[in-house]
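Data block below; observations after.
In each ligand, atom 1 is the first atom listed, and ligand 1 is the first ligand listed. Side chains are part of it too, since the values below use all heavy atoms of this structure and drop only hydrogens, waters and symmetry mates.
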Amino acid sequence: MSLFQIVEVKKTFKNGEVDEQVLKGINLTLKEGEITALVGASGSGKSTILTISAGLQRASEGRLVFEGKNLNEMNQEQIRKIRARQFGFIFQSSHLVPFLTVQDQLMVMLNVSETKLKKHEQKEEVEKLLKIVDMYHRKEAYPPSLSGGEKQRVAIARALIHKPKILFADEPTASLDSRRTKDVMTLIRELTRTMDITTLMVTHDEEMLSYADQIVTMKDGLIQ
Ligand SMILES: Nc1ncnc2c1ncn2[C@@H]1O[C@H](COP(=O)(O)OP(=O)(O)OP(=O)(O)O)[C@@H](O)[C@H]1O
Ligand SMILES: [Mg+2]
């Protein structure tokens, strides 16, 4: 079943006097529970289509249909709610808050998503997920004391703690070596399968393509 549809999406940036059309009519369907990998040369528009799909910036034209509704017609507050409750994000670097402990990074996300869980239930959920990503033993630690792979495992847990429907990931393993890449991708794949999460992931890394159900190549603002 299609959970998210990108229909004829275009994006034009104004660079000084010049209009640059970065996306020229993107069509893509994300199927429920699947990982879609987005590949293509630097500057081809991968991050742009990802952030537009995630409601982090607006399309100039086209439709982004999530559960039957067009994101591009919603106001900022409607988009904010969907982002906070239904979407999860992982970026190239983990973007953890340096002055929050590992467990508090996840607690904050539960607050942002306005979960109905009681405080003690939130704590239980956080601990459960930290065990799954093998970071429970560091739950009191602060990010500067974690390794790159550990930070990214916390970032994965933070992206998934509110059980989003869609996970958006922009080169989630770019800062990791080959072994850590495998660990992190295996984790993303296992978690998204068990939690029935649909994933759109930008990658440069050939190794990661074996984890994808669908591979889409972008070139000059179009899907090939
Ligand atoms: N806010 C912006 N204002 C102006 N131009 C932008 C903006 N964001 C992106 N661009 C331009 O749009 C093009 C596509 O950028 P994008 O970040 O989507 O590429 P990418 O495929 O993710 O590249 P990379 O693999 O290097 O991350 C680039 O030429 C970039 O300079
Ligand atoms: Mg990019």
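Around ligand 1 you find F13, N15, E20, V22, A41, S42, G43, S44, G45, K46, S47, T48, E171, H204, each with a heavy-atom distance below 4.0 Å.
Contact annotation: S47 places an N, O or S atom under 2.8 Å from the Mg ion (ligand 2).
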Criterion salt bridge (Lys or Arg N to Asp or Glu O under 4.0 Å) on E20 and K14, from CA distance to verdict: CA-CA 6 Å; E20 192 193 349; K14 279 207 183 323; over 6 Å; no
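A salt bridge does not link E127 with K131: every distance from a Lys NZ or Arg NE/NH1/NH2 to an Asp or Glu carboxylate oxygen is 4.0 Å or more. Using a 4.0 Å cut-off between charged nitrogen and carboxylate oxygen, E125 and K128 count as a salt-bridge pair. Between R80 and E114, at least one side-chain nitrogen of the basic residue sits less than 4.0 Å from a carboxylate oxygen of the acidic one, meeting the salt-bridge criterion. E171 and K46 are not joined by a salt bridge, as no carboxylate oxygen comes within less than 4.0 angstrom of a charged side-chain nitrogen.
Partners of K119 under the salt bridge (Lys or Arg N to Asp or Glu O under 4.0 Å) rule, at least two apart in sequence or in another chain, do not exist in this structure.
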